Engineer: 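What follows is a structure written as structure tokens; I'll ask about it next.
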Amino acid sequence: MRIEDMITTGTLRSYGDQSPVKKMLHAPTMKLYVVKEEPLHNKEIRKNLKDWISFWQNKLANSNLHVQVYATFWNTPEGYVSIVMEYMNGGSLQNLLESMGFLPEKSIKQLVPSILQGLQKIHQQGAQCHGALGPSQILFLRDGTVKLGQGLQYRVQVQGNQLFNSYILGKPKDVQSLYDPTILETPSLWSKASSEKVHFPAQEDFILERANDIWKLGWLVLNCAIGTLEFHPKAQQIYEGSRIIIEEIAKYTDHLKDTCCLLHSESKVISLVEQNQKTISEPTKITILELLPSDKFSPEFIQFLCSTLKIDPRQRQYTEQLLQHPWLVSGRDPKGPNVQLKELLNISNAWNAFLPEEFQGQGAQKLERLCDALYLVLQNSERPTVNKMQLQENSPIIKELSYDMGLNAKAVSDRIMSIFQSLI
């Protein structure tokens, strides 16, 4: 695979500090990929990325739980690496939450096992963790398949970033969503645990960063369930408390006694933050638990959240234990609407469906630009390996391109077929 044979067909949305992500067509094979360009600010970041990409390619190759990495192109003079990855045509959990606001329990229950299994496979490979388990790193195919993204921002961050405190806590009080990328994808919030050597007594197989993966999973599930802390008067304290729990919990071992989880010890988390800030305020009149009413969420679901959002990281369950949690393995029907995850994905992506003929002008222009680029690239590339059957209107690639452009699949097939025939 050569980067020169790739044609950009669109730019995918990226979040927070993330680098540009392009959807690209490999002209000789007519296959779609995603190419992410990640800056290489220094040698340490370069090494971190190389090690992580190598781990992902060697240990997670052909996994149906992880987005596949096919190639990397290290552009040393320009100072960035281009990473060629699997194209996930169903978008991300971030997209889905922004479309829906929140998800019913049944859809969350369909989502979680694949995430847990993906984490388990990473945790089983020595002292590894994912690190950046946020909504933009949970990706879908349109059939409802769920895969973990690489979470590259965890590998390229600068240690000691104070962006969270300076930006979030100084932000005017407005609607703050749990899945707001300026909050969730901030490197400081999802940063590595402090590198300072703080004594943290635990059993031998305990790894703090793995326990933090479990916290982030619980936070992610909470995101899906309530979507926003708009109505919570102590939202900023909860965000800051989450940062402390991820980054600095080893400094607060004396405060862990008699604590449970973010849901059942919410007041202790808020109190800790206010003590640090030397502020005192009235007790909150609403709690996170009250945002999870019993007519919409089952007791087992609340127990699962409790197991993942333990304030003491040593009390958080491992992936193996969570996969056997009663919420996931019992045959009880979840509370709330009976909606499949696949149905929500179809609704979320429906804006980009086939357009009526009178609105197809822009799509036709995109098709012509693509065909012009195909002609130029194929003239100077390796011999195409695509066959005629792959260019038929019912083939996956033609369906995908027609979907993107809002055009009839036969029109797309005929036009692209003519390009290949002209080069024979």
Side-chain angles (χ1 to χ4, degrees), residues 1-13 21-36 64 67-68 70-71 84-92 95-96 99 139-147 340-424:
M1 185 182 291
R2 302 188 312 164
I3 198 72
E4 295 87 354
D5 294 335
M6 308 288 277
I7 299 169
T8 302
T9 64
T11 302
L12 303 180
R13 184 174 177 185
V21 182
K22 299 175 182 177
K23 181 164 63 173
M24 302 189 81
L25 179 69
H26 184 242
T29 59
M30 288 296 290
K31 291 182 179 178
L32 281 170
Y33 297 92
V34 162
V35 177
K36 184 178 176 66
N64 60 359
V67 175
Q68 293 298 290
Y70 297 109
V84 182
M85 297 181 285
E86 178 182 5
Y87 170 55
M88 301 294 289
N89 60 14
S92 68
N95 303 140
L96 184 61
S99 297
L139 299 157
F140 305 108
L141 294 174
R142 288 202 192 100
D143 64 4
T145 299
V146 181
K147 296 192 180 188
Q340 301 286 335
L341 180 61
K342 185 178 177 180
E343 294 176 72
L344 296 179
L345 288 172
N346 288 337
I347 296 170
S348 177
N349 292 318
W351 65 271
N352 202 23
F354 179 63
L355 297 172
E357 189 172 347
E358 60 267 29
F359 299 112
Q360 290 184 16
Q362 187 176 6
Q365 291 175 5
K366 286 178 67 175
L367 177 59
E368 286 307 309
R369 287 196 294 269
L370 173 63
C371 289
D372 289 344
L374 265 176
Y375 186 81
L376 290 171
V377 170
L378 290 171
Q379 278 185 317
N380 300 291
S381 74
E382 59 189 79
R383 184 179 178 84
T385 58
V386 65
N387 60 51
K388 190 174 180 181
M389 292 300 296
Q390 290 173 280
L391 300 179
Q392 298 294 327
E393 61 183 285
N394 59 350
S395 71
I397 181 59
I398 296 299
K399 283 183 177 179
E400 190 65 38
L401 290 173
S402 66
Y403 182 89
D404 280 354
M405 297 173 186
L407 297 176
N408 181 280
K410 188 175 187 310
V412 176
S413 171
D414 290 346
R415 185 68 184 92
I416 291 178
M417 190 90 73
S418 70
I419 296 297
F420 279 86
Q421 289 173 343
S422 69
L423 292 166
I424 296 175

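None of the values given here were measured: they were computed from a predicted structure.
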Engineer: So, taking the atom named CZ in Arg415 and the one named NZ in Lys410, what distance separates them when rounded to the nearest 0.5 Å?
Structural biologist: 14.0 Å
Engineer: Are the side chain of Gln390 and the backbone N or O of Asn387 linked by a donor-acceptor pair below 3.5 Å?
Structural biologist: yes
Engineer: Mind checking the NZ-CZ spacing from Lys342 to Arg142? Nearest 0.5 Å is all I need.
Structural biologist: 11.5 Å
Engineer: Does a side-chain heavy-atom distance below 4.5 Å link Leu370 with Thr9?
Structural biologist: yes
Engineer: Between Asp5 and His26 (side chain of the first, backbone of the second, donor and acceptor by atom type, cut-off under 3.5 Å), is there such a pair?
Structural biologist: no
Engineer: Locate the shortest heavy-atom distance separating Met417 from Lys388; write the atom from each residue and the value.
Structural biologist: SD-CG, 3.9 Å
Engineer: Report the residue from Leu139, Val146, Leu12 that forms a side chain to side chain contact (heavy atoms under 4.5 Å, CB included) with Met88.
Structural biologist: Leu139
Engineer: Just so I know, are the side chains of Met30 and Leu374 near enough to count as touching, which here means a heavy-atom distance under 4.5 Å?
Structural biologist: yes
Engineer: Scan Leu407, Ile416, Leu367 and name whichever one has a side chain to side chain contact (heavy atoms under 4.5 Å, CB included) with Leu401.
Structural biologist: Ile416
Engineer: Are Glu86 and Lys147 packed together at the side-chain level, in the sense that at least one heavy-atom pair is separated by less than 4.5 angstrom?
Structural biologist: yes
Engineer: State the CG-CD distance between Asp414 and Gln392, to the nearest 0.5 angstrom.
Structural biologist: 9.0 Å
Engineer: Rounded to the nearest 0.5 Å, how far apart are OG1 of Thr11 and NZ of Lys22?
Structural biologist: 6.5 Å
Engineer: Assess the residue pair Asn89 and Leu141 against the criterion (side-chain contact (heavy atoms from CB on, under 4.5 Å)); give the C-alpha distance rounded to whole Å, side-chain angles, the decisive distance to 0.1 Å, and a yes or no.
Structural biologist: CA-CA 5 Å; Asn89 60 14; Leu141 294 174; 3.8 Å; yes
Engineer: Should Leu96 and Phe140 count as side-chain neighbours, where that means a heavy-atom distance under 4.5 Å?
Structural biologist: yes
Engineer: Check whether Ser402 reaches the backbone of Asn408 with its side chain - one donor and one acceptor, N or O, closer than 3.5 Å.
Structural biologist: no
Engineer: Ignoring hydrogens, what is the shortest heavy-atom contact between Glu393 and Lys399? Give both atom names and the distance.
Structural biologist: O-CG, 3.8 Å
Engineer: Determine the minimum heavy-atom distance between Ser422 and Ile419, stating which atoms define it.
Structural biologist: OG-O, 2.6 Å
Engineer: Can you measure from CE (Met1) to OH (Tyr70) and round to the nearest 0.5 angstrom?
Structural biologist: 8.5 Å
Engineer: Using every non-hydrogen atom in the two residues, find where Gly144 and Leu345 come nearest and quote the distance to one decimal.
Structural biologist: CA-CD1, 3.8 Å
Engineer: Contact between Val84 and Met6 at the side-chain level, heavy atoms closer than 4.5 Å - yes or no?
Structural biologist: yes
Engineer: Nearest 0.5 Å please: distance from the CD1 atom of Ile7 over to the CE atom of Met24.
Structural biologist: 8.0 Å
Engineer: Any side-chain heavy atom of Leu25 sitting closer than 4.5 Å to one from Leu32?
Structural biologist: yes
